[in-house]
Amino acid sequence: QVQLVESGGGLVQPGGSQRLSCTASGFTLNLYSMGWFRQAPGKEREGVSCISSSGGSTYYLDSVKGRFTISRDNAKKTVYLQMNSLKPEDTGVYYCARIAWCAAHGMHTAVNNWGQGTQVTVSS
């Protein structure tokens, strides 16, 4: 069965860094684009970043450009989200997802499978 497991969330101070990991199983990772989404309190889930199957193309939400970096290691079946210079507005539950494509629009409609989510709290 397809399974995506996130790890690396927790409490971090503003300006700090966290690295999220998503470990995949049950499918061939290098055939799929992957994405990270987040849902802040009281807000809709939004696409944060995605990466193509080969790793050659990426997309970032405008508010995280220059601060977040998505990467993948297909051999390890893992996708990463490095988050630097974190802000309180980055707080939320972060979800890993298998997606049909990586593009600026329509990320939600492209989702095949979701991970369980991991909480990221940015607060002093």
Side-chain angles (χ1 to χ4, degrees):
Q1 298 293 321
V2 173
Q3 186 170 276
L4 302 171
V5 180
E6 301 96 332
S7 62
L11 177 65
V12 62
Q13 295 181 339
S17 298
Q18 279 190 330
R19 189 194 196 198
L20 304 182
S21 297
C22 172
T23 300
S25 62
F27 66 98
T28 303
L29 183 62
N30 63 8
L31 298 179
Y32 293 90
S33 295
M34 298 292 292
W36 285 97
F37 297 75
R38 70 185 180 190
Q39 188 164 15
K43 298 182 66 177
E44 297 293 319
R45 192 174 299 185
E46 62 183 349
V48 176
S49 183
C50 61
I51 186 167
S52 63
S53 59
S54 67
S57 298
T58 57
Y59 160 78
Y60 295 95
L61 185 67
D62 284 345
S63 62
V64 309
K65 286 181 179 177
R67 300 189 297 119
F68 290 14
T69 302
I70 190 170
S71 62
R72 65 191 297 158
D73 187 334
N74 289 335
K76 295 181 178 180
K77 295 187 175 182
T78 302
V79 181
Y80 306 96
L81 186 67
Q82 178 67 46
M83 306 184 294
N84 299 327
S85 302
L86 283 162
K87 305 174 181 179
E89 53 262 42
D90 294 318
T91 293
V93 179
Y94 283 69
Y95 299 89
C96 176
R98 192 180 81 177
I99 57 178
W101 66 83
C102 177
H105 303 288
M107 286 183 65
H108 275 99
T109 63
V111 174
N112 300 141
N113 297 90
W114 294 101
Q116 84 288 348
T118 185
Q119 176 72 42
V120 174
T121 302
V122 185
S123 177
S124 59

Output yes when Lys65 and Asp62 qualify as a salt bridge under the 4.0 Å nitrogen-oxygen rule, no when they do not.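 Looking at Asp62 together with Lys65, the answer is yes, because their closest N to O distance falls below 4.0 Å.
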Would you give the length of the straight line joining atom [atom1] of [X] to atom [atom2] of [Y], rounded to the nearest 0.5 angstrom?
X: Arg45; Y: Met107; atom1: CZ; atom2: CE; value: 11.5 Å
X: Lys77; Y: Gln3; atom1: NZ; atom2: CD; value: 11.5 Å
X: Tyr59; Y: Cys50; atom1: OH; atom2: SG; value: 7.5 Å
X: Leu86; Y: Arg67; atom1: CG; atom2: CZ; value: 6.5 Å
X: Ser21; Y: Leu81; atom1: OG; atom2: CG; value: 9.5 Å

Might you point out which heavy atoms bring [X] and [Y] nearest each other, and give the distance in Å?
X: Gly47; Y: His108; answer: N-CE1, 4.1 Å
X: Trp36; Y: Glu6; answer: CZ3-CG, 3.8 Å
X: Ala40; Y: Thr91; answer: CB-O, 3.5 Å
X: Cys102; Y: Ser52; answer: CB-N, 4.1 Å

Residues in side-chain contact (heavy atoms from CB on, under 4.5 Å) contact with Met34, at least two apart in sequence or another chain: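 side-chain contact (heavy atoms from CB on, under 4.5 Å) check on Met34 returns Leu4, Cys22, Phe27, Leu29, Ile51, Arg72, Val79, Cys96, Arg98.
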Sequence neighbours excluded and cut-off under 3.5 Å, please list the side-chain donor-acceptor pairs for residues 9-18, or say none.
from: Ser17; atom 1: OG; to: Asn84; atom 2: OD1; distance (Å): 2.9
from: Gln18; atom 1: NE2; to: Gly10; atom 2: O; distance (Å): 3.2

Distance-only polar pair, side chains of Thr121 and Gln119, donor-acceptor under 3.5 Å: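 Side chains of Thr121 and Gln119: pair found under 3.5 Å.
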Donor-acceptor pair between Glu44 and Gln39 side chains, under 3.5 angstrom: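 Short answer, no.
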Hphob cluster co-occupancy, [X] + [Y], side-chain heavy atoms under 4.5 angstrom:
X: Val48; Y: Tyr80; value: no
X: Ile99; Y: Trp101; value: no
X: Val122; Y: Phe37; value: yes

Please confirm whether the backbone N or O of [Y] pairs with a side-chain atom of [X], one donor and one acceptor, at under 3.5 Å?
X: Ser54; Y: Gly56; answer: yes
X: Tyr60; Y: Ile70; answer: yes
X: Asp73; Y: Lys76; answer: yes

Anything under 30° is parallel, anything over 60° is perpendicular, the rest tilted; go ahead and classify Trp114 against Tyr95.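 Plane angle over 60°, so perpendicular.
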Give the intermediate values and the outcome of side chain to side chain contact (heavy atoms under 4.5 Å, CB included) for residues Val120 and Leu20. CA-CA 9 Å; Val120 174; Leu20 304 182; 4.1 Å; yes
Please determine whether side chain to side chain contact (heavy atoms under 4.5 Å, CB included) holds for the pair Leu61 and Arg38, giving the CA-CA distance in whole Å, both sets of side-chain angles, and the decisive distance to 0.1 Å. CA-CA 11 Å; Leu61 185 67; Arg38 70 185 180 190; 3.9 Å; yes
